[in-house]
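Here it is: the structure, laid out below.
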Amino acid sequence: MDDSPLWWPVQRLIDAYRCGSLSPLEVSELAQARIAEVNPTLHAFVLPTPELARRQAAAAEEAYRNGSAGPLAGVPVSIKDAFHISGHVTTLGSLAHANDVARHDSGAVRRLRRAGAVVVGKTNVSEFCQSATTDNLLGPDTANPFDPSRTAGGSSGGAAASVASGACTLGLGSDGGGSIRIPASFCGLVGFKPTYGTIDDDRGFRAFSPFISVGPLARSVADARCLHSVLSAGGAGTADSPPGRSPYRIAWCPQPEGRPIDAGVGNAAAAAVAQLAACGHDVSLVELDVGGWEEIFGPLVLAEEGERRGHLLRGPHELTWYHRRSLMAAERLGPGVVSAARSALAQYRERVDRHFRDYDVIVTPATATTAFDLGRRPQAIDGQPVARLWGAFPFAVPFNVSGHPAVVLPAGFVDGLPAAVQLVGRHGSDNELLSLAEQLETELDVHPFARTPVGSSTP
């Protein structure tokens, strides 16, 4: 790995700023140069923000001089283009908003500003965040830094590619159906979905409202924790949790709902679980009762899309095929289906929560495959046919529906592509869960970014 500060962890950057051996302005300019280098290949950014970054970097330098630096002062961060930055376009991945300039910051962006972060650009999303791959009509699909012929995942795929390519230190994402954890898994990152309802992006974009959480994409658990701490700002359920049981009681579910999984991906996750057992945790092989999430998730997501954006079917702008299909499906939804889904939601959350009477943490593979070719979702996995919609990534959404915190982290490689494991904790156990993830990260000792191929200055 070269020693560009763009690859340094957050704490090393901050230490260098504090002692004056490194300038936030210098790092800001390095970030813009790196964006220019990788973006023609990866299409991670829809809008670099060099002027904003320079202003924020200059303010960070002054803050270090006068002793008022915030916890992320001078740290380069990318912002998913589903968050508003005052004075900048928020496209939401749609031609319908390609020129819409935000009049205010959304809540997550305001917290980052207060923390002194340097916003280097806005990152690509699927249209209205409605796909687990990052493709829209604004430009080419976002590609994976480990192999640009493959997807970065979505809908926070641009955020993942920005961090995994060394264009910034941290990425701000959102996860309504795996939209942080799926691209984190595909791009060799740590991705964290906090407990539902603990972080509010007030005055922000609304979709997946019963399920969505704002969270970080980072190259280490420690860095993810830094961004999560700023986002949560002492919110409910995110303060230090009581000490967990020692050892933790861990439920290992290698194939939730019996879904097919690539053998290499499954083996990488199993090896990670073996490390947890080697650390002294009490690991039990279990079959989790998480079925039924699709009958809740689909109707509630579609009902909200229809209510908020159904008018676009009759508007002047072209829509992606998948969003048009979603809006048409929303028009066909019967009120009884939506009502039944709302009734089932609370029951589903209680059912999944019951697993935590017997276990402290649930562990699953993060996805069923590694990153697949752009525009070509797998039709079969491990010789079994799978549905296009969720076949490659069925293990994230149940915990959006249940609302539990979940973190994914790299577990190894399969044919040169990252594979990941997912840890799920009790409601409100966010920091405790991150601590366990950090222990596992240390034991696994996976170094994904010794392999990232994109760009001449990439390690």
Side-chain angles (χ1 to χ4, degrees), residues 35 39 43-53 55-56 76-114 117-131 134-142 152 154-163 167-168 170-177 179-180 183 199-209 212-217 227 231 301 304-305 307-312 315-320 322-323 326-327:
I35 291 170
N39 212 46
H43 313 291
F45 289 86
V46 292
L47 180 68
T49 54
E51 294 304 320
L52 174 62
R55 292 196 303 271
Q56 292 177 326
V77 179
S78 67
I79 305 293
K80 181 179 180 177
D81 200 22
F83 297 93
H84 299 313
I85 303 176
S86 179
H88 295 77
V89 170
T90 304
T91 72
L92 305 174
S94 180
L95 291 173
H97 295 279
N99 300 306
D100 288 3
V101 177
R103 298 181 180 180
H104 60 268
D105 291 343
S106 57
V109 173
R110 287 201 301 276
R111 294 183 185 100
L112 288 174
R113 280 193 195 266
R114 287 197 297 266
V118 172
V119 175
V120 299
K122 302 200 76 179
T123 54
N124 203 13
V125 298
S126 54
E127 187 166 37
F128 299 113
C129 303
Q130 292 290 312
S131 175
T134 301
D135 50 289
N136 57 50
L137 299 179
L138 297 172
D141 299 3
T142 297
S155 63
S156 304
S162 73
V163 178
C168 54
L170 298 168
L172 177 66
S174 56
D175 191 318
S179 287
I180 287 173
I199 301 173
D200 181 26
D201 185 43
D202 50 299
R203 302 183 72 195
F205 167 64
R206 289 291 180 260
F208 302 90
S209 294
I212 199 161
S213 295
V214 178
L217 291 117
L227 182 47
L231 294 172
V301 169
E304 182 175 25
E305 281 303 293
E307 179 181 345
R308 295 185 183 277
R309 285 170 279 279
H311 64 280
L312 294 176
H317 301 288
E318 187 179 358
L319 300 171
T320 54
Y322 59 82
H323 194 250
S326 293
L327 294 180

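A quick note: this is a predicted structure, and the numbers were derived from the prediction, not measured.
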> Can you name the side-chain contact (heavy atoms from CB on, under 4.5 Å) partners of Ile212, sequence neighbours left out?
Replying inline: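 Listed in chain order: Ser174, Phe208.
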
>> The criterion is ring-ring contact (aromatic ring centres under 6.0 Å, His included); which residues satisfy it with His84, sequence neighbours excluded?
In response: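 With neighbours one apart ignored, the set is His104.
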
>> Restricting to ring-ring contact (aromatic ring centres under 6.0 Å, His included), what partner residues turn up for His97, sequence neighbours left out?
In response: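 Once residues adjacent in sequence are excluded, the partners of His97 under the ring-ring contact (aromatic ring centres under 6.0 Å, His included) criterion are Phe128.
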
>> Using a 3.5 Å distance criterion without hydrogens, assess whether the side chain of Glu127 forms a donor-acceptor pair with backbone atoms of His323.
In response: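 Checking the backbone N and O of His323 against the side chain of Glu127, no donor-acceptor pair under 3.5 Å is found.
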
> For the residue pair Pro76 and Cys168, what are the closest heavy atoms and their distance?
Replying inline: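 Scanning both residues completely, I find the closest heavy atoms to be O-CB, 3.6 Å.
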
>> Quick test of your reading: applying salt bridge (charged side-chain N to carboxylate O under 4.0 Å, His left out), list the pairs with at least one residue in residues 88-97, sequence neighbours left out, ordered by first then second residue.
In response: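 Counting only pairs at least two positions apart or across chains, no salt bridge (charged side-chain N to carboxylate O under 4.0 Å, His left out) contact touches residues 88-97.
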
> Any chance the side chains of Ser106 and Asp201 put a donor and an acceptor closer than 3.5 Å?
Replying inline: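 Their side chains do contain a donor-acceptor pair, which is all the 3.5 Å distance test asks for.
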
> Residues two or more places apart in sequence or in another chain: which of them pass side-chain hydrogen bond (donor to acceptor under 3.5 Å, both in side chains) with Thr123?
Replying inline: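 Counting only residues at least two positions away or on another chain, Thr123 forms no side-chain hydrogen bond (donor to acceptor under 3.5 Å, both in side chains).
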
> Could you state the interatomic distance from CD (Glu305) to CG (Leu327), rounded to the nearest 0.5 Å?
Replying inline: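 The CD atom of Glu305 sits 6.5 Å away from the CG atom of Leu327.
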
> salt bridge (charged side-chain N to carboxylate O under 4.0 Å, His left out): which pairs involve residues 80-90, sequence neighbours left out?
Replying inline: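 The answer is Asp81-Lys122.
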
> Distance from Ile35 atom CD1 to Thr49 atom OG1, nearest 0.5 Å?
Replying inline: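 Those atoms lie 7.0 Å apart.
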
> With sequence neighbours excluded, what pairs up with Ser131 under the side-chain hydrogen bond (donor to acceptor under 3.5 Å, both in side chains) test?
Replying inline: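 Here the qualifying residues are Thr133, Arg377.
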
> Okay, side chain of Glu318, backbone of Leu95: is any donor-acceptor separation there less than 3.5 Å?
Replying inline: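 A pair under 3.5 Å: no.
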
> Where the side chain of Asn124 meets the backbone of Asp135, is there a donor-acceptor pair that is under 3.5 Å apart?
Replying inline: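 Looks like no, no N/O pair under 3.5 Å.
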
>> Please enumerate all residues that pass salt bridge (charged side-chain N to carboxylate O under 4.0 Å, His left out) together with Arg308, with sequence neighbours excluded.
In response: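 Glu304.
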
>> Applying salt bridge (charged side-chain N to carboxylate O under 4.0 Å, His left out) as the test, list every pair that has at least one member in residues 85-109; sequence neighbours left out.
In response: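 Listed by first then second residue: Asp105-Arg113.
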
> CD1/Ile85 to CD1/Ile79 distance, rounded to the nearest 0.5 angstrom?
Replying inline: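 The CD1 atom of Ile85 sits 5.0 Å away from the CD1 atom of Ile79.
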
> side-chain contact (heavy atoms from CB on, under 4.5 Å) with Ala53: which residues, sequence neighbours excluded?
Replying inline: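 Here the qualifying residues are Ser28, Gln32, Val118.
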
> What pair of heavy atoms forms the shortest contact from Gly154 to Pro183, and how long is it?
Replying inline: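 So the two residues come closest at O-CD, 3.5 Å.
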
>> Quick check: closest heavy atoms across Thr142 and Ala161, and the distance to 0.1 Å?
In response: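 Shortest heavy-atom contact: CG2-CB, 3.9 Å.
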
> What is the minimum heavy-atom distance between Ile180 and Val214, and which atoms define it?
Replying inline: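 Here Ile180 and Val214 meet closest at CD1-C, 4.5 Å.
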
> From Leu227 CG over to Leu217 CG, what is the distance, rounded to the nearest 0.5 angstrom?
Replying inline: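 The CG atom of Leu227 sits 9.0 Å away from the CG atom of Leu217.
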
> Below 4.5 Å, heavy atoms only, C-beta onward: do Phe205 and Thr90 meet side chain to side chain?
Replying inline: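 Phe205 vs Thr90: side chains apart.
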
>> Return the OG to CG distance between Ser156 and Asp175, rounded to the nearest 0.5 Å.
In response: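 Output value for this atom pair is 7.0 Å.
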
> How close do Leu172 and Ala108 get, heavy atom to heavy atom, and via which atoms?
Replying inline: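 Closest pair (atom of Leu172, atom of Ala108, distance): CD2-CB, 4.0 Å.
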
>> Rounded at 0.5 Å granularity, tell me how far CG in Leu47 sits from NE2 in His88.
In response: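 Leu47 CG to His88 NE2: 6.0 Å, rounded to 0.5 Å.
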
>> According to side-chain contact (heavy atoms from CB on, under 4.5 Å), who are the partners of Ser326, at least two apart in sequence or on a separate chain?
In response: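 Partners of Ser326 by the side-chain contact (heavy atoms from CB on, under 4.5 Å) criterion, ordered by chain and then number, come out as Gln130, Leu302.
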
> Do Ser126 side-chain atoms and Thr134 backbone N/O form a donor-acceptor pair below 3.5 Å?
Replying inline: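 No; judged by distance alone, with no hydrogens or angles, the pair does not exist.
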
>> Using every non-hydrogen atom in the two residues, find where Ser162 and Ala159 come nearest and quote the distance to one decimal.
In response: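 Between these two residues, the closest heavy atoms are OG-O, 2.6 Å.
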
> With Asp202, which residues qualify under side-chain contact (heavy atoms from CB on, under 4.5 Å), at least two apart?
Replying inline: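 So Asp202 forms a side-chain contact (heavy atoms from CB on, under 4.5 Å) with Arg110, Arg111, Asp200.
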
